[in-house]
Amino acid sequence: YDINILRRHSLNVSPPLFDTMVAAYLLNPESLSLTLKSVSRTYLSQTGRDYGEVIGEAEDFSHLDVTKAAEYSCEDSLSALNLKEKLLAELKNKELLEVFEKIEMPLLLVLSSMELKGVKIDTALLKEFSKELEERLKQLEKDIYREVGEEFNLNSPKQLAHILFDVLGIPTKGIKRTKTGISTDVSVLETLAPRYPVAEKLLQYRMLFKLKSTYVDALPKQVSPITGRLHTNFNQTIVATGRISSSDPNLQNIPLRTEDGKRIRKAFIAEEGNKLISADYSQIELRLLAHLSQDEQLIKAFKDRRDIHSETAREVLGIPKSTPLSEEDRRVGKTINYGIIYGMSGFRLARDLGVPVSVANEFIEQYFKKFPRVKEYFSSVKEAVKKKGYIETIFGRKRFLKYVKVEGKDAGFLRRVALNAPLQGSAADIIKLAMIQLQDCLTEKNLLSEAYLILQIHDELLLECAEAKVEEVLQVVKEIMENVVSLQVPLEVDVGVGRNWLETKEDRR
DNA sequence: TCACCATGCCAC
DNA sequence: AAACGTGGCATGGTGA
Ligand SMILES: Nc1nc2c(ncn2[C@H]2C[C@H](O)[C@@H](COP(=O)(O)OP(=O)(O)OP(=O)(O)O)O2)c(=O)[nH]1
Ligand SMILES: [Mn+2]
Ligand SMILES: [Mn+2]
């Protein structure tokens, strides 16, 4: 965060770096507040208050009482220095120094460059699309009001529930509940749709409204007037598993699933004369599961270059090898694979698939029978948490879980968290290392002015690249990502090139 | 006007 | 909310 303020003023920051927020994050990735003040309170037993608390009633820092301001600032300077020693010792103690020095500190510079570069979007295209959505939403709204016989606020789940279950009198037996009443979420509307055509319209309305409000209208507003591009924040100290998050705007959840959603991805474009390159790890957490569990069946599957997401999809949807599998169907397979390994219930699986619970339960049982070591691995995870109080990734990143909690009433939840963290976290470690190596490599080859990272989407890297350098960069990216670590199974990376982000996903070479 | 919670849904 | 996990953001609804 602060590094960008320095960089914006054209100051260079050079390694080795030490960032107190990042250090404190590694020591406790679940922690919500990692401000200098709160970290000092924890590790230096200081008593000072946060910026916001100090400001209090004053308008801003410059209006603050001089004594208070001086107090605050002196403490900050002292903190940064004293804290460094303390945190370093703690990192060593907990065997987190390697992750800190080899991954997080070098990554800080990479992320900062990515934020400064930003990504170009086609605002004209989005503005056009917005108008079209406006029309379609208006029509849907009219249709819905006509079908239910009255007007109400379609964006209020509470009012909608009232209309559906009180006014129309749709029976609520077996329908999902929220804390405050009856749910109207997509799974509910999908259940209603065959009997009540209005539900189909509501689903359509919900989807389009979501796309319009969250992306189509919001993104153009956030384009920087200075660079003409969209700059996200990559947050390095938020996600408890070690992933990075993206905010203001979040560019890690740009739509892809639906046809209308795809039109938004299409608006992420390369500068004239450039191309976008996308590189996405294939089945990454399943591969990591194969490695960590040592399951022979799973290891063999990946050595044979099989696609488990597709196989699962064909199996549950009953689609023969002779019929091509749609993207949508493969996504179903993916959801089932990750759902089952991370502890999904037969009930939920049954609901998602629209099959009887007995069938779903049977499927889950068969699944673990097919990969016998997976169950054993998960027992070992449980043991590790009990014994050590934390679980870790292949690079030693740790997530500390309270033993009392593991045994207590949130035991189920804690168990699933513990199952997920090593896999999601290892995937995060791997792509972070790849980003660092890639940046180094591009720098060395003097390519940075023609090829640079612009986004990271958990297991995918998006680069912008001069057309003339595409073939070379493609090779480098794939090579680095696939070989950043050597596991029991090969890591495979799907790469694609295009004028826009959607094309890179359709390209897949 | 703001913060907060709840619901819902986009992505990985 | 009936045992997939990790996020961020929009809206409505409420209260200060
Ligand atoms: N628990 C859970 N994790 C998910 C889910 N979707 C994605 N992930 C995690 C696990 C994936 O390995 C990782 C990257 O997502 P991707 O969409 O790239 O899927 P994946 O790499 O498995 O397959 P693919 O790239 O399509 O070959 O994010 C999900 O529905 N549940
Ligand atoms: Mn992937
Ligand atoms: Mn991906």
Side-chain angles (χ1 to χ4, degrees), chain A residues 29-30 52 152-161 174-189 202-203 205-219 222 232-235 238-258 260-262 264-265 280-281 283-285 289 331 334-352 357 360-361 364 367 378 391 399 409-425 427-428 431 455-461 501 505:
Chain A
E30 316 250 341
F152 62 101
N153 187 343
L154 271 174
N155 295 320
S156 165
K158 195 175 159 196
Q159 291 183 38
L160 177 59
I175 288 196
K176 187 155 106 182
R177 318 265 317 179
T178 67
K179 266 188 263 197
T180 55
I182 301 158
S183 172
T184 65
D185 75 8
V186 10
S187 73
V188 170
L189 294 178
L202 287 164
L203 284 165
Y205 178 89
R206 281 257 176 90
M207 179 188 74
L208 296 185
F209 190 89
K210 169 85 177 180
L211 296 182
K212 184 168 188 292
S213 62
T214 309
Y215 307 99
V216 179
D217 291 346
L219 293 177
Q222 303 184 61
T232 184
N233 295 313
F234 284 114
N235 313 301
I238 298 285
V239 187
T241 55
R243 276 187 175 183
I244 58 175
S245 79
S246 159
S247 61
D248 307 294
N250 181 356
L251 298 184
Q252 289 180 322
N253 72 341
I254 302 304
L256 184 64
R257 277 187 4 251
T258 63
D260 288 301
K262 286 191 165 97
I264 296 167
R265 257 197 203 220
D280 186 311
Y281 281 106
Q283 312 175 71
I284 183 65
E285 286 178 31
L289 178 62
R331 176 66 238 192
K334 193 184 287 187
T335 304
I336 294 170
N337 283 330
Y338 291 120
I340 290 180
I341 69 176
Y342 296 131
M344 188 189 266
S345 67
F347 180 88
R348 165 83 181 270
L349 183 62
R351 196 191 64 195
D352 286 5
V357 177
N361 280 327
I364 293 173
Y367 194 94
F378 285 148
I391 30 99
R399 183 168 181 180
K409 87 175 203 312
D410 299 328
F413 180 56
L414 258 292
R415 176 177 174 273
R416 296 192 299 279
V417 164
L419 299 185
N420 175 266
L423 299 168
Q424 187 178 118
I431 197 165
L455 295 178
Q456 187 254 42
I457 311 94
H458 308 305
D459 77 330
E460 171 185 0
L461 297 179
W501 196 0
K505 288 271 174 189

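Keep in mind that the numbers below use all heavy atoms, side chains included, and drop hydrogens, waters and symmetry copies. Labels below follow one simple rule: chain letters A, B, ... track the order of the sequence lines, proteins then strands, and each chain is numbered from 1.
- Counting to the nearest Å, the C1' atom of B:dC10 and the CG atom of A:Asp185 are 14 Å from each other.
- Whole-Å rounding puts the A:Asp248 CG to C:dG8 P distance at 9 Å.
- Rounded to an integer number of Å, the gap from A:Ile457 CD1 to B:dC10 P is 18 Å.
- Taking for each of A:Tyr215 and A:Ser183 the nucleotide of DNA chain C with the nearest heavy atom, the 5'-most of the two is the partner of A:Ser183.
- Residues A:Tyr338 and A:Ser187 each lie close to DNA chain C; by heavy-atom proximity, the contact nearer the 5' end of the strand is made by A:Ser187.
- With hydrogens and angles disregarded, no donor-acceptor distance shorter than 3.5 Å links the side chain of A:Arg399 to the backbone of A:Ala418.
- When heavy atoms are screened at a 4.0 angstrom cut-off, A:Ile341 is found touching no nucleic acid atom at all.
- Distances from the side chain of A:Ser245 to the nucleotides C:dG8, B:dG8, C:dG5 place C:dG8 closest.
- Here A:Gln252 lies in heavy-atom contact (under 4.0 Å) with sugar-phosphate atoms only.
- In this structure, A:Ser183 contributes its side chain and A:Thr178 its backbone to no donor-acceptor pair below 3.5 Å.
- At B:dC10, one or more side-chain N or O atoms of A:Arg257 fall inside 4.0 Å of OP1 or OP2 (strictly under the cut-off).
- The side chain of A:Thr180 approaches B:dT7 more closely than any other nucleotide in the set B:dC10, C:dG5, B:dT7.
- Side-chain atoms of A:Asp260 and A:Thr258 include no donor-acceptor pair closer than 3.5 Å.
- Comparing C:dT6, C:dC9, C:dA2 by their nearest atom to the side chain of A:Phe347 picks out C:dA2.
- Residue A:Ser246 has no polar side-chain atom (N or O) positioned under 4.0 Å from OP1 or OP2 of C:dG8.
- Distance A:Tyr342 OH to C:dG7 P: 14 Å, rounded to the nearest Å.
- For the residue pair A:Tyr367 and A:Asn337, a side-chain donor N or O sits within less than 3.5 Å of a side-chain acceptor on the partner.
- Within the 4.0 Å cut-off from OP1 or OP2 of B:dC9, at least one side-chain nitrogen or oxygen of A:Arg206 is found.
- Distance from the side chain of A:Val186 is smallest for B:dC9 among the nucleotides B:dA6, B:dC9, C:dG8.
- Annotation: the span from A:Ser246 atom OG to A:Asn253 atom CG amounts to 7.5 Å, rounded to 0.5 Å.
- Closest contact between the side chain of A:Val239 and the listed nucleotides B:dT7, C:dT6, C:dC9 involves C:dT6.
- Within 4.0 Å of A:Ala427, counting heavy atoms only, lies no atom of the nucleic acid at all.
- On the P atoms, B:dT7 is 12 Å away from C:dA2, given to the nearest whole Å.
- In this model, the phosphate group of C:dA3 is not approached by any side-chain N or O of A:Arg416 to a distance below 4.0 Å at OP1 or OP2.
- Nucleic acid contact class of A:Leu349 (heavy atoms, under 4.0 Å, all strands): none.
- A distance-only check finds no donor-acceptor pair linking the side chain of A:Gln159 to the backbone of A:Leu154 [under 3.5 Å].
- Between the CG atom of A:Leu211 and the P atom of C:dC9 there is a distance of 16 Å, rounded to whole Å.
- Between the side chains of A:Gln424 and A:Tyr342, no donor-acceptor pair of N or O atoms lies under 3.5 Å.
- Nearest heavy atom pair, residue A:Leu211 against residue A:Pro255, reads CD2-CG, 3.6 Å.
- Comparing B:dA11, B:dA6, B:dC12 against the side chain of A:Pro255 picks out B:dA11 as the nearest.
- In this structure, A:Asn235 places its CG atom 9 Å from P of C:dC9, rounding to the nearest Å.
- One atom, CD of A:Glu30, and another, C1' of C:dT6, lie 12 Å apart when rounded to the nearest Å.
- The shortest distance between the side-chain N/O atoms of A:Thr178 and the OP1/OP2 oxygens of B:dT7 is below 4.0 Å.
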Anything under 3.5 Å between a protein N or O and an N or O of nucleotides 10-13 of chain C, put it in a table, one pair a line.
| from | atom 1 | to | atom 2 | distance (Å) |
| --- | --- | --- | --- | --- |
| C:dG12 | OP1 | A:Asn153 | ND2 | 3.2 |
| C:dG12 | O3' | A:Ser156 | OG | 3.3 |
| C:dG13 | OP1 | A:Ser156 | OG | 2.8 |
| C:dG13 | OP1 | A:Gln159 | NE2 | 3.0 |

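- Rounded to whole angstrom, the span from the CZ atom of A:Arg415 across to the P atom of C:dA3 amounts to 13 Å.
- Side-chain N/O atoms of A:Asn235 and A:Ser247 include a donor and acceptor closer than 3.5 Å.
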